[in-house]
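Worksheet: the structure to be examined is printed underneath.
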Amino acid sequence: MIHVCFGLHDATGRYSKFTGTTILSIFENTRSDVTVHILHDNTLTADNRDKFIYLAGKYSQTVKFYNVEELCPDKLEAFKKLMPVLKNTRQSVGTMYRLLIPQVLPQDISKIIYLDSDIIVNLDIKELWQIELGNKILSAAPEAVINCLDHDFHSKKKFLIANGFVASEDYFNAGVLLINLDSLRNAEDVIMRGVKWYGEHLQCDCFDQDILNYLFSKNYLKLPEYFDVFVGIERRRGMNKIRRAIYHYGGSPF
């Protein structure tokens, strides 16, 4: 069984369709059994929940739901206390839910694939799932590899890199992660230390991505670029042919 996880905050009710599109791309390209785990809050409507269930059933796959507002109220309150910026930001609080995955998912799940909702999976997700993490906490694609254009310029703009917290070649994108849950479950205090650090360095701009980089950029397994291909960068390169890859439709790295 392959386990894939999403974090979902849907204040308008219109964001769930993007998560659904990513899930659909997994089901279309993967022959193995997949369980999708959705960490959500009270913004997930009953109608959208039913649509996720219908989609999984159509492909004989499984979807499970975890309301973090009910399961982790104390941890969410701690996030908001340590990072007041969460209360007034354009970024979705849902991006922080990936930090709750070790606490929320069943203990018998030893690893998980985490994906953002602006992604199309154009390969069998089993290829990512089968990567051996060894003693690494997570695996991700370095943004230095994803974005080979204007890298020096962008590195100067990234607070963690410009101020020596993370080496330029080690800063990773957190939109596609393979996570060693057994290791991360033993690092809850470390995660909270990272959240506290972010709250004291508001020059950062990527919430959980910068937290994870601050904590783990020196101890992660680097994924090949095709596991996290930024569409904007592909277009700038003139790469118009669709390839076997995981396509990420977020803004350009940095």
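Each residue takes its place number in the sequence, starting with 1.
Between Arg193 and Asp189 no salt bridge is recorded (no basic side-chain N to carboxylate O distance below 4.0 Å). Salt bridge present: Arg244 and Glu127 bring a charged side-chain N and a carboxylate O closer than 4.0 Å. Ion pair Lys81/Asp74 not flagged as a salt bridge, since none of the NZ, NE, NH1 or NH2 atoms sits closer than 4.0 Å to an Asp/Glu carboxylate oxygen.
The backbone N or O of Ala174 lies less than 3.5 Å from a partner atom in the side chain of Arg98, making a donor-acceptor pair. No donor-acceptor distance shorter than 3.5 angstrom exists from the side chain of Asp170 to the backbone of Val166, with no hydrogens or angles considered. Within the 3.5 Å criterion, the main-chain N or O of Leu221 finds a donor-acceptor partner in the side chain of Ser139. Judged by distance alone, with hydrogens and angles left aside, the side-chain atoms of Lys222 form no donor-acceptor pair with the main-chain N or O of Phe172 at under 3.5 Å. With Asn122 contributing its side chain and Arg243 its backbone, the two residues share a donor-acceptor pair below 3.5 Å. Under the 3.5 Å distance criterion, the side-chain polar atoms of Asp124 are matched with a main-chain donor or acceptor of Lys126.
What you find for Lys241 and Tyr247 is that their closest heavy atoms are O-OH, 4.0 Å. Residue Val121 comes nearest to Ser25 through the heavy atom pair N-OG, 2.9 Å, listed as atom of the first residue, atom of the second, then distance. In plain terms, the two heavy atoms of Ile119 and Val176 that are nearest each other are CD1-CG2, 3.6 Å. Heavy-atom minimum distance, Ser117 versus Phe6: OG-CD2, 4.0 Å. For the pair Leu223 and Pro142, the tightest heavy-atom approach, listed with the atom from each and the gap, is O-CD, 3.8 Å. Among all heavy-atom pairs drawn from Asp182 and Arg185, the shortest one is OD1-NH1, 3.5 Å.
For Lys111, the NZ atom is densely surrounded, since the number of other residues' heavy atoms within 6.0 Å is greater than 12. Other residues, nucleotides and ligands contribute more than 12 heavy atoms inside 6.0 Å of the CG atom of Asp50.
Between Tyr97 and Leu76, the closest side-chain pair of non-hydrogen atoms falls below 4.5 Å. Between Ile38 and Ile23 there is a side-chain heavy-atom pair separated by less than 4.5 Å. Residues Thr35 and Ile109 form no side-chain contact, since every pair of their non-hydrogen atoms from C-beta on lies 4.5 Å or further apart. Counting heavy atoms from C-beta on, the side chains of Tyr171 and Gln209 come closer than 4.5 Å. Proximity of Phe165 to Asn213: side-chain heavy atoms (C-beta onward) are nowhere separated by under 4.5 Å. Contact check for Leu44 versus Phe52: side-chain heavy atoms found under the 4.5 Å cut-off. Contact check for Leu99 versus Leu212: side-chain heavy atoms found under the 4.5 Å cut-off. Using a 4.5 Å heavy-atom cutoff, the side chains of Ser16 and Lys51 are not in contact.
Put simply, CZ on Phe230 and CZ on Arg237 are 11.0 Å apart, with the number rounded to the nearest 0.5 Å. One distance of note links CD of Gln61 with CD1 of Ile2; it measures 8.5 Å at 0.5 Å rounding. The line from OG of Ser217 to CG of Asp210 is 10.5 Å long, rounded to the nearest 0.5 Å. Between the CD1 atom in Ile246 and the CD atom in Glu225 there is a gap of 11.0 Å [rounded to 0.5 Å]. Note that the CG atom of Asn29 and the CG atom of Leu24 stand 9.0 Å from one another [nearest 0.5 Å]. Note that the CG atom of Asp118 and the CG atom of Asp116 stand 5.0 Å from one another [nearest 0.5 Å].
If you check the side chains of Asn48 and Tyr15, you find no donor sitting under 3.5 Å from an acceptor. With hydrogens and angles left out, the side-chain atoms of Asp41 and Thr43 include a donor and acceptor closer than 3.5 Å.
Tracing side-chain contacts under 4.5 Å through hydrophobic residues (I, L, V, M, F, W, Y), one never reaches Met1 starting from Ile125; they form parts of separate clusters. Grouping the Ile, Leu, Val, Met, Phe, Trp and Tyr side chains by contacts below 4.5 angstrom, directly or via other members, places Ile53 with Leu55. Linking Ile, Leu, Val, Met, Phe, Trp and Tyr residues whenever their side-chain heavy atoms come within less than 4.5 Å places Leu71 and Leu184 in a single cluster. No single ILVMFWY cluster, assembled from side-chain heavy atoms under 4.5 Å apart, contains both Tyr54 and Tyr59. With hydrophobic clusters built from ILVMFWY side chains whose heavy atoms lie under 4.5 angstrom apart, Val190 shares a cluster with Leu138.
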Between Asp228 and Tyr226, is a side-chain hydrogen bond (donor to acceptor under 3.5 Å, both in side chains) present by the stated rule, with each step listed? CA-CA 5 Å; Asp228 195 355; Tyr226 71 90; over 6 Å; no
Is there a side-chain contact (heavy atoms from CB on, under 4.5 Å) between Ile120 and Tyr249? Walk through the geometry before answering. CA-CA 8 Å; Ile120 295 295; Tyr249 282 80; 3.8 Å; yes
For a side-chain contact (heavy atoms from CB on, under 4.5 Å) check, start with the C-alpha distance between Lys75 and Ile191, then their side-chain angles and the critical distance, and finish with the verdict. CA-CA 11 Å; Lys75 189 61 65 69; Ile191 293 293; over 6 Å; no
When you look at Asn219 and Lys136, which way does the side-chain contact (heavy atoms from CB on, under 4.5 Å) test go after all the steps? CA-CA 6 Å; Asn219 185 33; Lys136 303 296 185 182; 3.3 Å; yes
Assess whether side-chain contact (heavy atoms from CB on, under 4.5 Å) is satisfied between Phe227 and Leu178, documenting all intermediate values. CA-CA 11 Å; Phe227 281 117; Leu178 180 63; over 6 Å; no
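Between Glu143 and the choices Ile233, Ile161, Asn173, the side chain to side chain contact (heavy atoms under 4.5 Å, CB included) rule is met once, by Asn173.
Aromatic ring centroids of His201 and Tyr214 lie 6.0 Å or more apart. A distance below 6.0 Å separates the ring centres of Tyr66 and His37.
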